[in-house]
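Data first, discussion second: the structure below is written as structure tokens.
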Amino acid sequence: MTLEKNYDPKAFEASIYEKWEQNGGFAADPSSSSTPFVVMIPPPNVTGSLHVGHALNMTLQDVLVRFRRMQGRDVLWQPGTDHAGIATQLMVERELIREGSSREAIGRPDFLERVWQWKHQQGHAITSQLRRLGASPDWSRERFTMDEGLSRAVVRTFNLLYRDGLIYRARRLVNWDPKFGSAISDLEVEMREVNGNLWYVRYPVADSEQVIVVATTRPETMLGDVAVAVHPEDDRYRDFIGKHVVVPITGRKIQIIADRHSDPEKGTGAVKITPAHDFNDFAVGQRHDLPAPSVLDKKGRITLSEIRTECQSENPLFLEGLNGLDRFEARHRIVEQLDALNMLERVEAHLHAVPYGDRSGVPIEPLLTDQWFCNAAELAKPAIAAVEQGQITFVPKQWENTYFSWMRSIEPWCISRQLWWGHRIPAWFGPDGAIFVAESTTTAYEQAAQHYGHDVHLTQDEDVLDTWFSSALWPFSTLGWPDLKPELARYYPGDVLVSGFDIIFFWVARMIMMGLYVMGKEPFHTVYMHGLVRDERGQKMSKTRGNVVDPLALIERFGADALRYTVIAQSGTGRNIKLGPRLVEANRSFVTKLWNAARFCEMNSCWPDPAFRAEDAKLVLSRWILDTANRTIIDATHALENFRLSEYAMICYRFAWADFCDWYLELAKPGLGAEDAAELRGVTSYVLGVLLRLLHPVIPFVTEELWGHFGYGVSGSLIRASWPEVVLVPEAPEARHEIAWLVRLVSEIRAIRHEMNVPASSQISVLVRDASPTVLVRIDRWRDAVGRLARVASVETLKGDMPTGFAQALLDDATFILPLADIIDLAVERNRLAVSRSKAAGEVEKIERKLNNQDFIAHAPEEIVHENQQRLDTARAEVLRLDAALARIR
RNA sequence: GGGCGGUUAGCUCAGCGGUAGAGCGUCUCGUUUACACCGAGAGGGUCGGCGGUUCGAAUCCGUCACCGCCCA
């Protein structure tokens, strides 16, 4: 069966993938004697569906992995999904609400049952989409962060860290997400610029007529004020320090303190201190040993319970009316009331940064709660050292700066979440609140019995761990740890981590910390950071903008290979990767081109020949393309080894299209039907084989289809074929020079034809003069090729007089004369030559100036001087030849 | 406010001390034994501004401008 005329990826992508998977093409082999190559997939959210970010991230990994597999490495690309605490819980909750039920209504056990049910039914959407993309991880080893094994890893790690004092429970101010009703970590908070107000509120000084004006962006928190702070060196307030003010509305009397936190330049220079609702204020409170009453509850509503007894309000009814009000409604009421009491001096529009939950999208409330924390600063020390000392390298290198700056000022990591879906914290409380951290309920009870001297009832902590806690263990939890399976020893530490820079702190840094802490070794030696995908105009993709590109739709339209090639080709640039249908369509042309080149090979019976030996190649054309293939192999391999994937793609593109299709196949056409057919067929199929192997990592489907079709190996075997190697090519430099000469000659003639408007249909003849014996040999050899490619009827040595009316092409010493008596416009030809001459003359002048510069001669390296002398000789000769050519048509 | 990255052909980018490049797009010509998702040819840049180092700067240094991101 011959190849279809039209390249149709839908005809084979699915079946090719099935073959790979069924034949164990993706499987790691722990019993192999080859060196492992390990890449841990960034586990996508189990609720997710493939977006362009995945498409980029996964394709980059797949290219690396397929390349190493072909190099003979024992590749483990470890797949799996993340339980994604909040995202998954929300999704199932939404389902329940649609059914008229709720999480609370069905209770924790049933809810969790429901989530698992969902996971089993629909949790494989993302992995089946990865299959469509052509990703080749070892699916037989797929893991889920809530698997039994991975859950044990979480519990064990928690216990280890607790034992070492690196996990502790504390009452701290945390970022509270009122929508989720949970604490979140610093990283999950994003600061947004918001147009708000700065309210200037009068705080009367107690027992005096004086007033201090305090500026605040959050008047509702004044209920929880415990002090007013001024800068110790601010002369305006020096005399107030130590005095008291009466807080409007609550009537509480609070002290005026001196603290460097207050900035004399900002507002009035006096700030109210509300330790329970602001991180800076909390620090001030600690320095001055101040109380920290909360005035907001976990839903972001005003609560008076902690301040009621302290209040001496003149309007208790108003105050009580605030209780239970939403924070924003309360703000409104309080401002109104202040205004009514004439306590509001003025209001200024004010642009300021407000913390928002990155997932919930609502303003975050700093709240005092009991949470579990991880001492990240301690874990960061060896993690910083590992990068400083080069055990881990970031590509590109500058990301190390980002890593360092965050790691060196890292804050305690709040790891508890007030959710149901996730790893339940392995801590139990005794009747008196004593904490027992253990690996199981049984051991917790044993510990408690020992502690109390008798059996007691324990309550397990209701909270779960931050999703990223389990993700941090991914490089070893997926390999069976805490069990010591052979895989763990063989595949840890791994090699490369491929990740977007947006999760460098969430995930990459934490994996390094946990890997070093738990395993004593860094989890990988290279971190390859890629950019984020943007639309074709470089804009961030968002649903509201309507510019979201769906990779599955692109695969549907253009095939997975076209999409893969596009993201790889675009990946070279800095931080943004532009992607859209136009680009993918353009790159599909390349895949089509390859398809058609293969069809041409097929038509000419260029089948793989195991007996083919490159060193026996006799033809200059054979030697040239084999040599070009050699250099392409070297360059492409080098690019891949150095994570320059877009360069790798471009190198292959150029070789396939420009060298192989445009020149080699065109030049081979006559020979393939003549006496040279045997050698050319061998060379052609050999080079096609090289091409298919070189391109397989980036466009695996089409290359595999062609590989099987031509019988390079059985269908589905390219994935395991060996990476091409350089072969010995006799007299390669000579072949290189000769084909370069031929390309110049054909291009020159084509250009002249075009410029002189010689109709494409008319065959012209060419005469040559001043040709050296070498050139005469070449002309003989390539007469037919020149004829075909430049539409030339004959190339003969000029004998006798010059014809009348001609154009000239100058190639080294030889001059090729195109007699165009009827067509030529002498003025055009004269101008053409004159332009060339002035270019050459300009070149001469430039180099002469350089060589006449004594400083240049004295300082420049000898080879540069020499090179310039040669260039000058060449340019001068060019001028002379152009002068001669001009003289001939004067 | 601090830090990082960027500014090179219409677009996307490569080059990072020694002759300014590629792909796409544009324009012109063209169906010649794979391919119009094609072939051929052409045009197009004072390498963001200024200053410095150097025999020589797109490339190194300083500075400014603008854009993007991260952290406060």
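Throughout, a chain's letter reflects where its sequence line sits, starting with A, and its residues are numbered from 1. None of these values were measured; they are calculated from a predicted model.
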How far apart are the closest heavy atoms of [X] and [Y], and which atoms are they?
X: V795(A); Y: V786(A); answer: CG2-CG1, 4.4 Å
X: P396(A); Y: M529(A); answer: CD-O, 3.6 Å
X: V584(A); Y: L554(A); answer: CG2-CD1, 4.0 Å
X: S685(A); Y: Y712(A); answer: O-OH, 2.5 Å
X: I184(A); Y: G357(A); answer: CD1-CA, 4.2 Å
X: L695(A); Y: L594(A); answer: CD1-CD2, 4.1 Å

Next item on the list: Find the runs of at least 3 consecutive base pairs, i with j, i+1 with j-1 and so on, that include RNA chain B, using Watson-Crick or G-U wobble geometry with both distances under 3.5 Å.
Entry: B:1-7 with B:65-71, B:10-13 with B:21-24, B:26-30 with B:38-42, B:48-52 with B:60-64

Margin query: Please determine whether a side-chain nitrogen or oxygen atom of S405(A) lies at a distance below 4.0 Å from atom OP1 or OP2 of C4(B).
Written below: no

Students often get this wrong, so: under 4.0 angstrom with heavy atoms, is [X] touching a base, only sugar-phosphate, or nothing?
X: S409(A); value: nothing
X: R599(A); value: sugar-phosphate
X: R753(A); value: nothing
X: N6(A); value: nothing
X: A858(A); value: nothing
X: C661(A); value: base

Checklist line | Short side-chain to backbone donor-acceptor contact, N642(A) and R644(A), under 3.5 Å | finding: no

Check: Salt bridge check: are R218(A) and E365(A) linked by an N-O gap of less than 4.0 Å?
Finding: yes

Item checked: Salt-bridge present (R359(A), E188(A); N to O < 4.0 Å) -> no

Note to self: At under 4.0 Å between heavy atoms, how does the protein contact nucleotides 16-21 of chain B? Give one character per nucleotide, 5' to 3', with B, S or -.
What the structure shows: --BBS-

Notebook entry, point to check: What string of B, S and - do you get for nucleotides 23-30 of chain B 5' to 3' if you count protein non-hydrogen atoms under 4.0 Å?
Noted result: SS---BSS

Checklist line | ring-ring contact (aromatic ring centres under 6.0 Å, His included) partners for F701(A), two or more places apart | finding: W20(A)

Checklist line | Partner residues of W595(A) under the ring-ring contact (aromatic ring centres under 6.0 Å, His included) criterion, sequence neighbours left out | finding: Y7(A), F12(A)

When rounded to the nearest Å, what value does the distance between [atom1] atoms of [N] and [M] take?
N: G45(B); M: A34(B); atom1: P; result: 38 Å
N: G17(B); M: C11(B); atom1: C1'; result: 29 Å
N: A20(B); M: G56(B); atom1: C1'; result: 15 Å
N: G5(B); M: C47(B); atom1: P; result: 23 Å

Looking at [N], does its base get a donor-acceptor pair with the side chain of [X] below 3.5 Å?
X: K593(A); N: C37(B); answer: no
X: E666(A); N: A34(B); answer: yes
X: T592(A); N: C37(B); answer: yes

How many whole angstroms separate atom [atom1] of [X] from atom [atom2] of [N]?
X: D358(A); N: C71(B); atom1: CG; atom2: C1'; value: 16 Å
X: I568(A); N: C13(B); atom1: CD1; atom2: C1'; value: 16 Å
X: R791(A); N: G41(B); atom1: CZ; atom2: P; value: 14 Å

Whether the [X] and [Y] side chains hold a donor-acceptor pair (N or O, under 3.5 Å, no angle test) is what I'd like checked.
X: N596(A); Y: R599(A); answer: yes
X: Y664(A); Y: T684(A); answer: yes
X: T628(A); Y: D659(A); answer: no
X: E647(A); Y: H638(A); answer: no

Next item on the list: Please work out which residues in residues 828-835 of chain A have a non-hydrogen atom less than 4.0 Å from an atom of RNA chain B and list them by number.
Entry: none

